[in-house]
Amino acid sequence: MSAPAPSAPAPAGPVVRISGLHKSFGEREVLTGVDLDVAQGEVVCIIGASGSGKSTLLRCVNLLEQPTSGTVEVLGVEVTDPDVDIDRVRAHVGMVFQQFNLFPHRSVLDNCTLAQRQVLKRSKAEAEAIARKNLAHVGLADRADSMPAQLSGGQQQRVAIARALSMDPALLLFDEPTSALDPELVGEVLTVMRELADEGMTMLVVTHEMAFAREVADRVIFLDAGVILEEGPADQVIGNPREERTRSFLRRVLDPTHVDEVTGTDA
Amino acid sequence: MSTERTDARPALVAGRARMSPRRRGQISRGVQYVVIVAVLVALALMADWGQLGETFFNRGAIEYVAPKLPRAALNTITYTAAAFAFSITLGTTLALMKLSSVRFYRIVATGYVEFFRGIPALLVVFAFGYAIPTAFQIRFESIVLQIALALGSVSAAYTAETIRAGIQAVPKGQIEAARSLGLSSGATLRLVTIPQAFRIVLPPLTNEVVLLLKDTSLVFGLALAVGDLELTMVGRKALSQAEGGLTAIVLVGLVYLLITIPLSSLTRWLERKTGYKGHV
């Protein structure tokens, strides 16, 4: 399939469809057969221990990691097809990173206009208007002319979200967006994410924030040893998990001082 | 065990009676300063100031050399600037070739760097002075171009390695962020990677400018008919033509310093101007 990326969200079908996804780094198999659909407007949180392949799964969606086998469809385009221009798909899939990854040599406003102008070919005036609207959305209208280094971690992450939003994405990927933040700055980022979810944004979120996942996610995926071990509504997976491994993971996350003798070795 | 412990206390008190290391250090520094001052005074008394003045600041030699310095200094700067412009252009190209996924480019760039790092710059200047014009039947229209090509092609081997290191020092997350926004690999390089890489390598690149500036003294290797082109030529000629011992060398040396020392302030200014404190 060599169809270009659609310029608008796919009318029907899932936003993301992952089938039989395998990913190895050399000898090490990180994902061993993942199937996952994300519907339009759905918020899916991926949880799991470190090394379970959460981030790798997320990064396979916009091909920051090249899957070893299996297919990934985004907005109806099979991105794993070598004939697909991945840049055109990525322009509609925003990504927010753990380390923010703002461009330190560009102002906050420039961070939000760079790809709009370069990729979407918007005019300077249009790009800046959209950037300012999204900066206002994340509560940083007054910091447009700041340099990233002048902002706190929470502010930087909110700029990163505004930068992603400025591309009018049909899907947002979040890779542990609050893990690098000081505890008192986590709330401001989660608040913005909660608002986006309420506005109907399709979101795929790798997170350790169980309270957020429980409150905001439509569906929670528990990834363990490269496969989806358990999935379902947030209340069920986090509140009343079926699998023993999910239970022991949640015990460790929710009560870090708790020593779990059964699974303590695979932490 | 317990007896040793009780012994430790009297020893500590006794230690106070002797000179402490801090006190000893103070006295040692004082003695050294006394000796240094004594030596300086002795040198000042023994020196023949008239002779020294004649050797280092001879009036006749100053009058001979000084008028030639501004033009020579300007030429030196011009050669440096031209050579650096060539060096950075070729160096960036070579750096990108070294990082290319095409093996052929990597081999060519590595060969270039190894070759030009391994031979003396003077040899390359000779090549541009005699060998290349003869071999290819060409004449360089401008000395600036000739020296820029000669010194720049050597310097490019070093700037290539510096810039490559700079590009690799840009965090991977920067490239991922750019690509995730839909930027092509070329646009990412141009708008995200290279601007940050240059900011990182600004200090070592200044170093390269200083080295190039000093290498312009190799212009004599081009065997040009004209003399007094750049600073070292002026100094060298003055040595053989005028009295005055080291005067010409001292003056020329001072002019070099006058150019190179402000360069480091320029770097600091540029670092401030590029306006951000490292990566976030």
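Residue numbering restarts at 1 for every chain, and letters A, B, ... go by the order of the sequence lines. Only heavy atoms go into these numbers, but all of them, side chains included; no hydrogens, no water, no symmetry mates.
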Determine which residues belonging to residues 56-67 of chain A lie within contact range of chain B, meaning some heavy atom pair is under 4.5 Å apart, and list them by number or answer 'none'.
-> A/R59, A/N62, A/L64

CZ/B/F220: more than 12 non-hydrogen atoms of other groups inside 6.0 Å = yes

Got A/Q118 and B/R190 here, is their nearest side-chain heavy-atom distance under 4.5 Å?
-> yes

Check whether more than 12 heavy atoms from other residues, nucleotides or ligands sit under 6.0 Å from atom CZ of A/F25, and answer yes or no.
-> yes

Between A/R106 and B/L191 the two heavy atoms that sit nearest each other are NH2-CD2, 3.6 Å

Identify the residues of residues 113-128 of chain B whose heavy atoms come closer than 4.5 Å to a heavy atom of chain A, ordered by number, or report 'none'.
-> none

Are any non-hydrogen side-chain atoms of B/L181 and A/V119 less than 4.5 angstrom apart?
-> no

Between A/Q99 (side chain) and B/Q174 (backbone), is there a donor-acceptor pair under 3.5 Å?
-> no

With the side chain counted from C-beta on, respond yes when B/R199 and A/P104 share a heavy-atom pair under 4.5 Å apart, and no when they do not.
-> no

Using the side-chain contact (heavy atoms from CB on, under 4.5 Å) rule, take A/D87 and B/L183 through it: C-alpha gap first, then chi angles, then the decisive distance, then the call.
-> CA-CA 6 Å; A/D87 291 341; B/L183 262 64; over 6 Å; no

Determine yes or no for a side-chain-to-main-chain donor-acceptor pair under 3.5 angstrom, with A/H92 supplying the side chain and B/G182 the backbone.
-> no

Taking A/L114, A/I86, A/V96 one by one, which has the highest count of heavy-atom pairs under 4.5 Å against chain B?
-> A/L114

Identify every side-chain donor-acceptor pair in residues 157-172 of chain A under 3.5 Å, counting partners at least two apart or on other chains, and give the distances.
from, atom 1, to, atom 2, distance (Å)
A/Q157, NE2, A/F97, O, 2.7
A/Q157, NE2, A/P177, O, 2.9
A/R158, NE, A/E188, OE2, 3.1
A/R158, NH1, A/V138, O, 2.8
A/R158, NH2, A/E188, OE2, 2.9
A/R163, NH1, A/N101, O, 3.2
A/R163, NH1, A/N111, OD1, 3.3
A/R163, NH2, A/N101, O, 2.9
A/S166, OG, A/N134, ND2, 3.3
A/S166, OG, A/A162, O, 2.8
A/D168, OD2, A/R122, NH2, 2.6

Taking every heavy-atom pair that is under 4.5 Å apart, which of A/G153, A/A115, A/G94 has the most such pairs with chain B?
-> A/A115

Sequence-distant partners of A/K133, salt bridge (Lys or Arg N to Asp or Glu O under 4.0 Å), two or more places apart = none

